[in-house]
Undergrad: 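I'd like to ask some things about the structure below.
These numbers were taken from a predicted model, which means no experiment stands behind them. Here, residue 1 is the first one in the sequence, and each next residue gets the next number.
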Amino acid sequence: MKMNNEIKEKLKTKIAISQIKNEEKKAMNKKEKFVFKNIGIAACILMTLTGAVFAGNKIIENIWKTPEKIENLTHDITEESKKENITEEKAKEIAINKLKEIGFNSNIVSTDHYKEIDSNKIMYRFRTEENYEISINGQTGAFYDIWNNNKNQQDCNIEITQEEAIEVANQYYKLFGFKEGEYEITQIFSNNNAGSGKGKGYKIDITYQKKYGEIYNPYECIHISIESKNKNFDNFTVISIPFDNNETVITEDEAIKIALDEDKKIQTNKIIETKDKKMVVKMNSNAYERINNKEKFYETMQTVNYPNEERDYYNIEDKIRNAWVVVITYEDTYNDEIMRRYTEGQYSYFVDCTTGEIIGGHVMDYTINR
């Protein structure tokens with residue numbers, strides 16, 4: 001039986017989006033920052049050579065520097081990288097203390113440390129006698145995650161309710177030393193055979209985030225996955241990048257103008273729509289790379305299994321900021337070039353709410369499902 005054109009198009013779309021997401025995970029897992037120069041907006045906001053923005057009677061410091069490209073990329077743990085991290089012995093001591101704190105067998109039987117290609121940070125990873133795996137951040141000395149590698153304990157034919165999973169997750173939340181109210185549950189996802197993400201599941205993923213007033217910081221969060229058979233955790237992960245919670249000085253209209261002015265520097269299709277949303281974002285070099293080397297930027301996004309060592313990586317501070325995310329949609333003239341449509345059809349600019357700087361970006365619509 002032949003598929004009709006509509007089904008073919010949907011199938012190609014799913015494949016393309018899946019490929020893009022896989023490539024994006026590789027490309028976006030790095031520390032980056034974007035340089036934004038010479039923007040003309042309202043007269044009350046001026047960029048100066050001193051690196052400050054004047055807003056009313058306030059002087060607001062800029063938050064970025066020109067990003068430096070990282071050379072000599074490697075996954076290898078070198079002597080140079082060791083100098084920026086605690087020793088393996090110290091990391092092991094921290095891991096053992098954490099295991100004892102939560103009442104686990106602390107007998108470590110093997111190691112499997114790793115380093116990110118674009119950073120000197122070492123993640124010290126230790127395996128225990130009871131087949132758990134615990135990781136310690138070598139730069140901060142902080143506990144990062146623990147995995148239950150006893151997969152034989154899981155059973156996809158047994159399901160628990162989200163309420164049951166939350167009850168178990170809250171027990172682990174307290175066991176790992178977090179205070180009630182310090183983090184709040186913001187997302188629940190059920191892994192089930194129906195693929196719905198809702199209701200009962202054989203594994204339920206629960207996300208807690210730290211709250212600032214009415215705002216959640218997605219980069220100060222806890223992820224707990226609860227499996228159904230023994231109501232044990234599958235993994236427990238802690239991400240902790242503090243939120244600047246910067247004030248909103250730039251208006252919505254100003255942010256849109258800043259993004260559109262920047263977009264004029266890049267040859268794109270005709271703009272047919274813009275939208276925006278105030279969000280908490282992590283600075284990245286995406287917009288910087290796009291404007292400085294457009295051809296390579298899209299080549300890396302559109303090429304499956306593009307070599308990591310041939311990508312451009314930049315050294316940039318981890319900063320979490322309030323920003324206007326301005327999404328620009330372009331006229332669709334890509335015909336059957338699905339990879340081009342889903343990487344070049346839209347672009348999201350991150351416009352800092354305080355300084356008006358473009359501090360990053362994202363292909364496609366960043367406001368969806370975030």
Undergrad: In this structure, is the centre-to-centre distance between the rings of Y172 and F236 below 6.0 Å?
TA: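 No; Y172 has its ring centre 6.0 Å or more from that of F236.
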
Undergrad: Looking at E227 and K203, does any basic side-chain N land under 4.0 Å from a carboxylate oxygen?
TA: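 A salt bridge is absent here (no side-chain N lies under 4.0 Å from a carboxylate O).
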
Undergrad: Can you tell me if Y212 uses its side chain to pair, donor with acceptor, with the backbone of D244 under 3.5 Å?
TA: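 Absent.
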
Undergrad: Heavy-atom distance under 4.5 Å between the side chains of T329 and I271, does that happen here?
TA: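 They are not in side-chain contact.
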
Undergrad: Could you tell me whether the side chain of D145 and the main chain of W147 form a donor-acceptor pair under 3.5 Å?
TA: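 Here the side-chain-to-backbone pair does not exist.
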
Undergrad: Determine whether more than 12 heavy atoms belonging to other residues, nucleotides or ligands lie under 6.0 Å from atom CD of E309.
TA: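 Count over threshold, so yes.
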
Undergrad: Closer than 4.0 angstrom, basic N to acidic O: yes or no for E84 and K121?
TA: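 Judged by the 4.0 Å cut-off on N to carboxylate O distance, E84 and K121 do not form a salt bridge.
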
Undergrad: Between E79 and K82, is there a side-chain N and carboxylate O pair less than 4.0 Å apart?
TA: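 Salt bridge flag = yes for K82 with E79.
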
Undergrad: Please determine whether the number of non-hydrogen atoms from other residues, nucleotides or ligands lying under 6.0 Å from atom NZ of K92 exceeds 12.
TA: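 No, NZ of K92 has 12 or fewer neighbouring heavy atoms, counting only those of other groups under 6.0 Å.
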
Undergrad: Would you call T128 and S106 a side-chain contact if the rule is heavy atoms closer than 4.5 Å?
TA: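 Side-chain contact under 4.5 Å: no.
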
Undergrad: I'd like to check I146 versus F176 (side-chain heavy atoms, cut-off strictly below 4.5 Å). Are they in contact?
TA: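 They are in contact (side-chain heavy atoms under 4.5 Å apart), so the answer is yes.
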
Undergrad: How about Y298 and N293: do any of their side-chain heavy atoms sit closer than 4.5 Å?
TA: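 They are not in side-chain contact.
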
Undergrad: Of N269, T268, D263, which is the lone residue that meets side chain to side chain donor-acceptor pair (under 3.5 Å) with Y330?
TA: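 Exactly one candidate clears the test, D263.
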
Undergrad: Does any non-hydrogen side-chain atom of I63 lie less than 4.5 Å from one of M283?
TA: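 When only atoms from C-beta onward are counted, I63 and M283 do touch, with a gap below 4.5 Å.
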
Undergrad: Can you confirm whether more than 12 heavy atoms, excluding those of N72, are under 6.0 Å from its CG atom?
TA: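 Count not over threshold, so no.
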
Undergrad: With the threshold set at 4.0 Å, does a side-chain nitrogen-carboxylate oxygen contact exist between E262 and K265?
TA: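 Yes, E262 and K265 are salt-bridged.
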
Undergrad: Is it possible for you to say whether Y202 and I224 belong to one hydrophobic cluster, with membership spreading through side-chain heavy-atom contacts below 4.5 Å?
TA: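 No, separate clusters.
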
Undergrad: Thinking salt bridges, do K115 and D76 make one under a 4.0 Å N-O criterion?
TA: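 No, this pair does not count.
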
Undergrad: For D155, what residues pass the salt bridge (charged side-chain N to carboxylate O under 4.0 Å, His left out) criterion, not counting sequence neighbours?
TA: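 Expected list: none.
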
Undergrad: Do the numbers put R290 on top of the ring of Y347, so that NZ or CZ is under 6.0 Å from the six-membered ring centre and no more than 45° off the axis?
TA: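 Yes, a cation-pi geometry holds between R290 and Y347.
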
Undergrad: Given the side-chain rings of F104 and Y132, with only the six-membered ring counted for Trp, is the space between their centroids under 6.0 Å?
TA: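 Judged by ring-centre distance (under 6.0 Å), F104 and Y132 do meet the cut-off.
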
Undergrad: Quick one: are the ring centres of F126 and H113 less than 6.0 Å apart?
TA: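 Centroid separation for F126 and H113: below 6.0 Å.
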
Undergrad: If we only count heavy atoms from C-beta on, is the S190 to Q162 side-chain gap below 4.5 Å?
TA: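 In short, these two side chains touch, coming nearer than 4.5 Å.
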
Undergrad: Check the pair R340 / E337 against salt bridge (charged side-chain N to carboxylate O under 4.0 Å, His left out), numbers first and verdict last.
TA: CA-CA 5 Å; R340 284 195 65 209; E337 297 179 87; 3.4 Å; yes

Undergrad: Salt bridge or not between K275 and D365? Use side-chain N to carboxylate O under 4.0 Å.
TA: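 Between D365 and K275 there is a salt bridge, with a charged N closer than 4.0 Å to a carboxylate O.
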
Undergrad: Before accepting this row, confirm whether a basic side-chain N of the pair E254/K257 lies closer than 4.0 Å to the acidic partner's carboxylate O.
TA: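 Salt bridge between E254 and K257, a charged N being under 4.0 Å from a carboxylate O: no.
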
